Amino acid sequence: MKKILLPLLFTLNSHSVCVHETTISGAQLLSQITHYQNSKAYYQLEDESFNKLQSISLIEPQRNYLIQQLQAPITKDYNDRYIKYYKYERMVEFIKSQREQLEQLKYQTQVIGKSIEGRDLFAITPREIDPKKKLILMFARHHGDEGTANWIVEGFLSKALKDNHFNENFQLILYPMVNPDGANAKRRYNRNNRDLNRSWGKTPEKSYDEVKVIHKHLDSYLQDNKKPVIALDMHGSFTEDFIYRVSKSFNGQDFFETQQSFIDSLGKRDPWQAGQFYISNGHRKMSRILLVRDYGINSLTHESIRDIPLSESRTLKDLFLQGEAVLDSLKELY
């Protein structure tokens, strides 16, 4: 098992593996400007959008800035060289293919709003919450360019809908694509250059853009006495598969062990994730952190490699199997 303790976001150290992220003073930023301008670096403005770090005229030495250094996008012949990139249209097609089964199991597939560019934002939810069943919450694609996450969600949902044990004991709330505009542009940010996993406010009114729509829809469930037993936010990383979880000090020993139980269970079933995790108390406006801090929900970020070359042994079927492994872990633990 891989255990790596990462500094909190509020330090001046880079700590993330799905994005190289640093909080730095304007004075330090100006002193290192050449380094950041030569990398694919973006800095966060007061409206919480991210702009490419090009001009130094707007940088204030006395302010702190959140900097994100992104992985260079692969644009040429992507689907000929990597596992097929997952776009918005594929998600719509997949939901349509599952609609009959969802309806038989008393789920509703709703369009709860629109993205900035006008694409549908979907939610798959039970028609009625059954108090006798355990509730699972899942998001995918806060970051548009992390396409492997959706293949894993497909594997999870396809098996879940056919699994009698799961359907007798669990219900699911799924937001299958938080950032459809970013997905189709193969871009981390949404159309307003916001990182949607840094856009969750304490209330829906304080959230931004697509997240505001989703947060408003989710809020009625969160305010109910029936809260999810676990929340999984599906992402893609630069180089490895792992789970993000919080430290012992963040929410106590028992909570830490609860998170560890899921990581261990998944590690037995998923040879790519293999029990690897990073401890990160993250950014206060991440969905994972908000759900742990404000609702006490066991919330984890599931990371899979974003760009998987076709020349490697890993295939699209392996991503589906990773989704099935998530399902089997939930059944074992809950």
Side-chain angles (χ1 to χ4, degrees), residues 1-9 11 13-24 35-36 38-44 50 52-53 66-79 81-87 139-153 178-179 182-183 185-190 193 195-198 232-245 263 266-267 270-283 286-289 300-316 318-319 322:
M1 179 180 297
K2 183 176 181 181
K3 297 184 179 180
I4 300 179
L5 182 62
L6 299 171
L8 300 184
L9 181 68
T11 71
N13 296 310
S14 175
H15 78 278
S16 185
V17 180
C18 60
V19 61
H20 297 301
E21 188 171 78
T22 306
T23 300
I24 191 171
H35 163 73
Y36 285 109
N38 289 337
S39 66
K40 191 173 174 59
Y42 291 75
Y43 71 109
Q44 194 174 43
F50 282 84
K52 190 164 178 59
L53 188 57
L66 180 60
I67 307 295
Q68 292 188 345
Q69 291 174 271
L70 309 187
Q71 194 175 33
I74 301 165
T75 56
K76 185 177 180 181
D77 302 325
Y78 186 93
N79 289 343
R81 300 163 56 202
Y82 297 86
I83 288 178
K84 186 177 181 181
Y85 183 71
Y86 197 109
K87 300 183 77 172
F139 307 94
R141 296 294 279 282
H142 274 92
H143 301 140
D145 57 355
E146 297 173 2
T148 49
N150 268 110
W151 292 121
I152 294 174
V153 170
V178 177
N179 185 4
K186 208 168 185 295
R187 179 181 63 221
R188 177 181 177 86
Y189 305 128
N190 77 343
N193 286 327
D195 183 329
L196 292 183
N197 205 28
R198 309 292 186 275
L232 296 170
D233 191 11
M234 312 302 282
H235 284 255
S237 76
F238 289 174
T239 59
E240 61 183 332
D241 292 60
F242 59 93
I243 301 292
Y244 272 132
R245 47 93 63 86
I263 293 166
L266 184 61
D270 182 346
W272 306 100
Q273 187 267 338
Q276 297 187 100
F277 65 85
Y278 286 93
I279 295 175
S280 173
N281 295 342
H283 188 286
M286 287 180 177
S287 63
R288 173 175 66 94
I289 298 304
L300 299 156
T301 302
H302 182 292
E303 299 274 358
S304 55
I305 296 176
R306 190 185 75 175
D307 304 307
I308 302 174
L310 293 175
S311 58
E312 296 185 0
S313 59
R314 194 171 182 180
T315 66
L316 182 57
D318 290 315
L319 295 177
Q322 285 187 270

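Position 1 is the first residue of the sequence, and the numbers go up from there. The structure displayed is predicted, hence computed values, not measured ones.
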Y42 versus L70: any side-chain heavy-atom pair under 4.5 Å? yes
To the closest 0.5 Å, what do you measure between CG (N281) and CZ (R288)? 7.5 Å
Using only heavy-atom distances, determine whether the side chains of D233 and T301 contain a donor-acceptor pair under 3.5 Å. no
Non-hydrogen atoms of L196 and V178 that approach each other most closely: CD1-O, 3.9 Å
What's the shortest heavy-atom distance between P271 and A274, and which atoms? O-CB, 3.6 Å
Step by step, work out the side-chain contact (heavy atoms from CB on, under 4.5 Å) result for Q68 and F50. CA-CA 8 Å; Q68 292 188 345; F50 282 84; 3.7 Å; yes
Residues E240 and Y278: side-chain donor-acceptor under 3.5 angstrom: yes
Can you see which heavy atom on E303 is nearest to which on S237, and at what distance? OE1-N, 3.4 Å
Quick check: H302 with H235 (ring centres under 6.0 Å apart)? no
N197 side chain reached by M286 side chain, heavy atoms, under 4.5 Å: yes
Determine whether the side chains of R306 and T148 contain a donor N or O and an acceptor N or O closer than 3.5 Å. no
Side chains of Y43 and L66: does their closest heavy-atom pair fall under 4.5 Å? no
Checking H142 against R188 for the side-chain contact (heavy atoms from CB on, under 4.5 Å) test, could you report, in this order, the C-alpha distance in whole Å, the side-chain angles of both residues, the deciding distance, and whether it holds? CA-CA 8 Å; H142 274 92; R188 177 181 177 86; over 6 Å; no
For the ring pair H143 and Y189, is the centre-to-centre distance below 6.0 Å? no
Please name the pair of heavy atoms, one in N150 and one in A140, separated by the smallest distance, quoted to 0.1 Å. ND2-CB, 4.0 Å
Does any part of the side chain of R81, heavy atoms only, come nearer than 4.5 Å to the side chain of L310, both counted from C-beta? no
For K186, which residues count as a side-chain contact (heavy atoms from CB on, under 4.5 Å) partner, sequence neighbours excluded? Y78, Y85, D145, D307
Please give me the minimum heavy-atom distance between R141 and A149, naming the atom from each residue. CD-CB, 4.5 Å
Y36 side chain reached by I67 side chain, heavy atoms, under 4.5 Å: yes
Side chain proximity check, Q276 to I243, heavy atoms < 4.5 angstrom: no
So, taking the atom named OH in Y82 and the one named CD1 in I74, what distance separates them when rounded to the nearest 0.5 Å? 3.5 Å
Taking atom CG of L266 and atom CG of L300, what is their separation to the nearest 0.5 Å? 9.5 Å
Side chains of R198 and Q44: is there a donor and an acceptor less than 3.5 Å apart? no
Determine yes or no for a side-chain-to-main-chain donor-acceptor pair under 3.5 angstrom, with S280 supplying the side chain and G282 the backbone. yes
Can you list the residues that meet the side-chain contact (heavy atoms from CB on, under 4.5 Å) rule with R314, with sequence neighbours excluded? D241, W272, S304, I305, I308, D318, L319, Q322
For the residue pair F139 and M234, establish whether any side-chain heavy-atom pair is separated by less than 4.5 Å. no
Under a 4.5 Å cut-off applied to non-hydrogen side-chain atoms, are R245 and I263 in contact? yes
